[in-house]
Number of protein chains: 2
Amino acid sequence: MSNAGEGGNGGVQSVDRALTILEVLARVGEAGVTDIAAELGVHKSTAFRLVTTLESHRLVEQTADRGKYRLGVGVLRLAGATTARLDLVQEARPVCRQLAAGTGETVNLAVLSESSALYLDQVAGSSALQPHNWVGQHIPLHATSNGKVLLSGLDDAALDEVLGGLSRYTAMTITRKSQLREEIKLVREQGYAVAVDELEVGLTAVAAPIHNAHGDVIASMSVSGPTFRLPAERVEEVLPMLVEAAVEVSHRLGWGHR
Amino acid sequence: MSNAGEGGNGGVQSVDRALTILEVLARVGEAGVTDIAAELGVHKSTAFRLVTTLESHRLVEQTADRGKYRLGVGVLRLAGATTARLDLVQEARPVCRQLAAGTGETVNLAVLSESSALYLDQVAGSSALQPHNWVGQHIPLHATSNGKVLLSGLDDAALDEVLGGLSRYTAMTITRKSQLREEIKLVREQGYAVAVDELEVGLTAVAAPIHNAHGDVIASMSVSGPTFRLPAERVEEVLPMLVEAAVEVSHRLGWGHR
DNA sequence: GGAACAAGTTGCGGATGACGCAACAGGGTG
DNA sequence: CACCCTGTTGCGTCATCCGCAACTTGTTCC
């Protein structure tokens, strides 16, 4: 036993610790051996050896000799291989690109991951206003169009499990569970979701579901931009293009082929 | 004995093995426990436990219950955190974007990694012809403009170490070491590199170095496109824009601020 | 239909390999 | 110069991980 106890880790202790180091670095950006050791609750030397092993695979690198550690390029190599293999990203990319060109706005692709939305890919619109790159970021589910679409793919039991406290971000954020359930029901019926100023004032986004061969909602595709460029009438124009694009990707993934 | 021997691994055996699994999966895309065990030269159960630990951190996922394993979304999460922290990508992105808009061709950002060029970022040009996404890929150093620029930042000793056999890709590929040294010398003098049909017939690229605060060449920025769109006279037009962009990024990274 | 096979998964005991300790090596700062 | 803070390394012990072998489950082939 011994290691079987603590919250949700796997089998091999040292590997688990090493991977936790990666997560810590992802969270804090940079950390020294001592900080890491404290975070893991192990001895400095232990942390050092783990970090060294990670370093030999280029997953972390030290900023200077005897310096702190941060995530390394090896992570990017792996990520390149991951997206190359994830048929979702593979199939969706050309469609996203075309949609971005057609609308002039930014297109994002997101999946459900650990009670939040994980952005897998992003294609910038033609506009000069370049938004933050969200790829790899966790985003709240209840305050984004992508999040609402992803939630709409869950059944009620799963919904309960995923929804914790609904944080307020703006005056428009939906914070009552009952209201959110209504909204999700609406999303299911319409086949798309809209979020205006709910995560950030001045940010508007619309999203539509992507289905796999079994019909499950496996991802969400969104078009987003500043609210002044996406007023209600513009949203009306964008929606059909978005929904069509999402359907196209779903088809490529085998949806509707019986 | 045992672990100290084999090529270039770090200290902690089980972690080293686990990370090797990630690399194997990056290479082959999908693999079962048995395949992985064979690749590492360990017992099935060992491989299984390592994979399970990786899975608990979402770095790998199984395609189906009792199915094969592949890289998971956790890798993308880490990658998101990595690029967010790598000030190179951060600083270079807007410049790349502007350069892509100005030239209409694809802009890439590459660094040296383990005897090859690693592409960190890519901004597509306006043209419909969308090239392959190279992000996260390894590219030979001697047959690309980016590679030549990166080589130009090394001293002779490091050059010797990095250069193995010079594979031929096309009739234009430089395969003699002496010729490559001449070329690299030229790149140093000119401050940029050109590669026409050297990696692939019909592919032209030009690249310029990005320096850090110490003046080292830490990355390379390139403009590339089909040779028919980038004949010699067009390359002449593009070059100043490229060099200026590379200098701009270098400045942002502290180069030339004393 | 069931037998043989091959995949992933799990319990167990033994020895190997990872851990904590403590000492070392540099760099700042007072 | 002494102190304190880093990251780094040798060593002995004991916990941990590994290999074995048995189990489970799904597929193939009579």
Side-chain angles (χ1 to χ4, degrees), chain A residues 1-22 24-25 28-72 214, chain B residues 1-22 24-25 28-72 214:
Chain A
M1 53 238 52
S2 54
N3 70 340
E6 37 262 79
N9 51 10
V12 182
Q13 189 191 56
S14 53
V15 174
D16 184 62
R17 287 172 170 172
L19 302 183
T20 303
I21 290 177
L22 292 179
V24 167
L25 288 178
V28 305
E30 268 187 12
V33 167
T34 310
D35 311 325
I36 295 172
E39 189 89 25
L40 296 191
V42 300
H43 196 267
K44 266 199 315 184
S45 62
T46 303
F48 172 71
R49 270 176 260 261
L50 293 172
V51 166
T52 301
T53 309
L54 290 168
E55 189 186 13
S56 78
H57 286 255
R58 309 278 181 157
L59 292 181
V60 306
E61 56 195 28
Q62 44 191 349
T63 60
D65 222 57
R66 313 224 140 202
K68 296 182 171 252
Y69 289 87
R70 64 162 78 154
L71 293 175
H214 306 292
Chain B
M1 68 232 63
S2 54
N3 71 337
E6 38 260 74
N9 50 14
V12 182
Q13 189 191 53
S14 53
V15 174
D16 185 63
R17 286 172 170 171
L19 301 183
T20 303
I21 290 177
L22 292 179
V24 168
L25 288 178
V28 305
E30 265 187 15
V33 167
T34 312
D35 311 324
I36 293 172
E39 188 90 24
L40 297 190
V42 299
H43 196 266
K44 267 200 313 184
S45 61
T46 302
F48 172 72
R49 270 177 261 260
L50 293 172
V51 165
T52 301
T53 308
L54 290 168
E55 190 187 13
S56 77
H57 287 255
R58 309 277 182 160
L59 293 181
V60 308
E61 56 195 28
Q62 42 190 351
T63 60
D65 222 56
R66 310 229 139 200
K68 295 182 173 253
Y69 289 87
R70 64 162 75 155
L71 292 176
H214 306 292

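We use all heavy atoms of the structure for the numbers below, so side chains are in, but hydrogens, waters and symmetry mates are not. Letters A, B, ... mirror the listed sequences (proteins, then strands); counts begin at 1.
- In terms of position on DNA chain D, the residue among R49(A) and L50(B) whose nearest nucleotide sits closer to the 5' end is R49(A).
- Toward the 5′ end of DNA chain D lies the nearest nucleotide of K68(A), the other residue of the pair K68(A) and R17(A) mapping further downstream.
- Here dT9(C) presents its P atom at 4 Å from CZ of F48(B), a figure rounded to the nearest Å.
- What separates CG of L54(A) from P of dA18(C) is a distance of 13 Å, to the nearest Å.
- Between the NE2 atom of H43(A) and the P atom of dG10(D) there is a distance of 16 Å, given to the nearest Å.
- Contact between the side-chain N/O atoms of Y69(B) and the OP1/OP2 oxygens of dT9(C) is found at a separation under 4.0 Å.
- Rounded to whole Å, atom P of dC5(D) lies 13 Å from atom CG of D35(A).
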For the pair Y69(A) and E61(A), evaluate side chain to side chain contact (heavy atoms under 4.5 Å, CB included) and give the outcome as yes or no after the intermediate values.
CA-CA 6 Å; Y69(A) 289 87; E61(A) 56 195 28; over 6 Å; no

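- The interatomic distance linking D16(A) (CG) with dA18(C) (P) rounds to 15 Å, in whole Å.
- In this structure, I36(B) atom CD1 and dA7(C) atom P are separated by 13 Å, rounded to whole Å.
- For K44(A) and dG20(C), a side-chain-to-base donor-acceptor distance below 3.5 Å is absent, hydrogens and geometry of angles not being considered.
- Contact between A47(B) and I21(B) at its shortest, heavy atoms only, is O-CD1, 4.4 Å.
- Here K68(A) does not pair with E30(A) in a salt bridge; the nearest charged N to carboxylate O distance is not below 4.0 Å.
- In this structure, Q13(B) reaches the dA18(C) phosphate: one of its side-chain N or O atoms is under 4.0 Å from OP1 or OP2.
- A heavy-atom distance below 4.5 Å is found between the side chains of T20(A) and H57(B).
- Between dG7(D), dA18(C), dC18(D), one nucleotide has an atom nearer to the side chain of V12(A) than all others, and that is dC18(D).
- Side-chain atoms of S45(B) and base atoms of dC20(D) include a donor and an acceptor less than 3.5 Å apart.
- Contact between the side-chain N/O atoms of T46(B) and the OP1/OP2 oxygens of dC17(D) is not found at any separation under 4.0 Å.
- As rounded to whole Å, 13 Å separates atom C1' of dA18(C) from atom CD1 of I21(A).
- Regarding contacts with the backbone of dA7(C), every side-chain N or O of Q62(B) stays at 4.0 angstrom or more from both OP1 and OP2.
- Side-chain contact between L59(A) and L71(A) is absent, with no heavy-atom pair separated by less than 4.5 Å.
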